[in-house]
Protein chains: 2
Amino acid sequence: MSTASEAHRPAGRPRTAVLSRERILAAAFELADVRGGDFTLAALARSLGVRPSALHHYFAGKDELIAGMRGQLTARIGDHGFETSPWHVAILSWARAHRLTFGAHPGIIAALATLPVADEPESIVDYERIAAALRRDGYPEHRIVPAIVAIESFIIGSALDSLAPEDNLRPVANRGIAPHLTGAEEAARDHALARGHSAATETFEFGLTALVAGLRAAGTSAETDPTSGADA
Amino acid sequence: MSTASEAHRPAGRPRTAVLSRERILAAAFELADVRGGDFTLAALARSLGVRPSALHHYFAGKDELIAGMRGQLTARIGDHGFETSPWHVAILSWARAHRLTFGAHPGIIAALATLPVADEPESIVDYERIAAALRRDGYPEHRIVPAIVAIESFIIGSALDSLAPEDNLRPVANRGIAPHLTGAEEAARDHALARGHSAATETFEFGLTALVAGLRAAGTSAETDPTSGADA
DNA sequence: ACCTGAACACCGTTCAAGT
DNA sequence: ACCTGAACACCGTTCAAGT
């Protein structure tokens, strides 16, 4: 909790500034840490002991605030050895860091996923580093961006999936009509538990490993022409 | 556009019902088809020539309405040959259908992705069919649900990504500071254009093919112990 | 420059009142 | 049973007014 109980502040410019971009962002992350809490500017202002309109002095609107949060998260995730390790090794660490970071702020995952990635400097630097590693390792030029986007899509989708209740695919009521699904879900959960992971983590690791392995094979093998699907 | 201009309807029960679940859902899909249009109950009521409160007579709230839409979409996507084709073949068709269906209703992708998948009968039937095919084809029992979830996460993430502007990773302003990224993006776009696809479709196809190939390999190979990552 | 306070145009949801 | 209409508790954003 931030210092929200200042009794009452009179109108007019305060002698010393109450807010700052950093203070607002810190409070925003605090707000995003609680799961059910609706992430609104009004709630953010309340936690800062301030009126909602005061926030517009530092961020043009809600979208810009969220973009600022994403920029800070991206910078925080930072490098993961793309200069020294092969891309398919560094990308695993990078992807795990993203998942953990998103998971730490469940209240904002949906907003991050929904808002289109603007060209923030932090993101550009991040992508550039990965693209450079892929090229250095001989990945086909025209496959570099698709590979990055595919991994990012998987991470975003996984983060959203993690918001769902634990027993999402384990509806006890439907045990009778979905025997294969129910059995498979129990087997997956038991396996994860035996390895000391949550089911969600084990699922993420399995999917990530498979995706990166598939992308690596598609990049190193001779360019085959996959069956083309219907376009939109 | 639905019949929204009925001049004025007096209070009280109309002689014949104006609404129905089907009519509301149809109007909801129409509303979700336009990209920028905010998907609100108020806008939906307007398009139906009705007051917002009337909708609560058919759906308990907005979440239930969206769940109803997802149920109808899932049923519409239907079977994709899981009984007759190997899972890794049928799943490609299934995934493409999902992407096209989501893409046809851009206004609701975010809502579908955000709202946790409740145990709707339609979804359970869908998952059960896929789980049965995986088991039949000898996929390891404890990997079945993780594989399905991984593909679903990729589809959701890709659908959200498709909402982003075209030139998302091609910031002309950053050409200087991100040469690898800019070059890779141009190469990907040229390659997609030469094959008659949009860049988004080519990216989706590439990622989907790689993911399914990776999942297939992970399921048929001897169970290796992948390096375990940190848990949340 | 930096905040309050009032105002505006919205939301989703509830519920009495009408037929 | 099925709709209107009013009401409630919210939103995000704008802007004049205060220091």
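Here the structure is a predicted model, which means the values were calculated and not measured. Letters go in sequence order (proteins before strands), and every chain restarts at 1.
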Chemist: Using heavy atoms to find the nearest nucleotide of DNA chain C for B:Ala11 and B:Phe39 separately, return the residue whose nucleotide is more 5′.
Modeler: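 In this pair, the answer is B:Phe39.
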Chemist: Table please: side-chain donor-acceptor pairs of residues 101-108 of chain B below 3.5 Å, with sequence neighbours left out.
Modeler:
from	atom 1	to	atom 2	distance (Å)
B:Thr101	OG1	B:Ala97	O	2.7
B:His105	ND1	B:Asp33	OD1	2.4

Chemist: Starting at the 5' end of DNA chain D, what dot-bracket string do you get if Watson-Crick and G-U pairs under 3.5 Å are bracketed, crossing pairs use [ ], other-strand pairs use | and unpaired bases use dots?
Modeler: ||.|||||...|||||.||
Chemist: My understanding is that only residues two or more places apart in sequence, or in another chain, count here; which of them pass side-chain hydrogen bond (donor to acceptor under 3.5 Å, both in side chains) with B:His180?
Modeler: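 Testing B:His180 for side-chain hydrogen bond (donor to acceptor under 3.5 Å, both in side chains), a comparison that skips the adjacent residues, returns A:Glu128.
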Chemist: Only counting residues at least two apart or in another chain, list the ones meeting side-chain hydrogen bond (donor to acceptor under 3.5 Å, both in side chains) with A:Ser93.
Modeler: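 A:Ser93 satisfies side-chain hydrogen bond (donor to acceptor under 3.5 Å, both in side chains) with A:His80 only.
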Chemist: In residues 55-64 of chain B, which residues come under 4.0 Å of DNA chain D by heavy atom?
Modeler: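 Nucleic-acid contacts, sorted: B:His57, B:Tyr58.
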Chemist: Regarding A:Glu202 and B:Arg143, does a basic nitrogen lie under 4.0 Å from an acidic carboxylate oxygen?
Modeler: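 Answer for the salt bridge query: yes.
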Chemist: On DNA chain C, reading 5' to 3', which nucleotide is the first and which the last to sit with an atom under 4.0 Å from a heavy atom of chain B, could you check?
Modeler: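 From 5' to 3', the first and last contacting nucleotides are C:dC11 to C:dT19.
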Chemist: Can you list the residues that meet the salt bridge (charged side-chain N to carboxylate O under 4.0 Å, His left out) rule with B:Asp190, with sequence neighbours excluded?
Modeler: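 Result, salt bridge (charged side-chain N to carboxylate O under 4.0 Å, His left out) vs B:Asp190: none returned.
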Chemist: Partners of B:Ala187 by side chain to side chain contact (heavy atoms under 4.5 Å, CB included), sequence neighbours excluded?
Modeler: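 B:Ala187: side chain to side chain contact (heavy atoms under 4.5 Å, CB included) contacts with A:Glu141, A:His142.
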Chemist: How do B:Thr40 and A:Thr16 order along DNA chain C: which one's closest nucleotide is nearer the 5' end?
Modeler: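 Result of the comparison: A:Thr16.
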Chemist: Name all residues meeting the side-chain hydrogen bond (donor to acceptor under 3.5 Å, both in side chains) criterion together with A:Asp63; count only those two or more places apart in sequence or in a different chain, and write none if there are none.
Modeler: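 For A:Asp63 there are no side-chain hydrogen bond (donor to acceptor under 3.5 Å, both in side chains) partners, ignoring immediate neighbours.
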Chemist: Can you check salt bridge (charged side-chain N to carboxylate O under 4.0 Å, His left out) on A:Glu122 and A:Arg70, steps first, answer last?
Modeler: CA-CA 9 Å; A:Glu122 296 94 340; A:Arg70 180 169 47 204; over 6 Å; no
Chemist: Restricting to side-chain hydrogen bond (donor to acceptor under 3.5 Å, both in side chains), what partner residues turn up for A:Thr114, sequence neighbours left out?
Modeler: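 None.
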Chemist: Mind checking what makes side chain to side chain contact (heavy atoms under 4.5 Å, CB included) contact with A:Ser20, not counting sequence neighbours?
Modeler: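 Scan of A:Ser20 (side chain to side chain contact (heavy atoms under 4.5 Å, CB included), adjacent residues dropped) gives A:Glu22, A:Arg23.
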Chemist: Could you check whether B:Ala54 gets within reach of a base, just the sugar-phosphate, or nothing at all, counting any heavy atom under 4.0 Å?
Modeler: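 Base contact - B:Ala54 has a heavy atom under 4.0 Å of at least one base atom.
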Chemist: For a quick check of understanding: with a heavy-atom distance under 4.0 Å over all strands, which category does B:Pro52 fall into, base, sugar-phosphate or nothing?
Modeler: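 Base contact - B:Pro52 has a heavy atom under 4.0 Å of at least one base atom.
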Chemist: DNA chain D: A:Asp38 or B:Arg13, which has the more 5' nearest nucleotide?
Modeler: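 Comparing both residues, the 5'-ward one is B:Arg13.
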Chemist: Identify, with sequence neighbours excluded, every residue that meets side chain to side chain contact (heavy atoms under 4.5 Å, CB included) alongside B:Ser158.
Modeler: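 Here the qualifying residues are A:Ser153, B:Phe154, B:Phe204.
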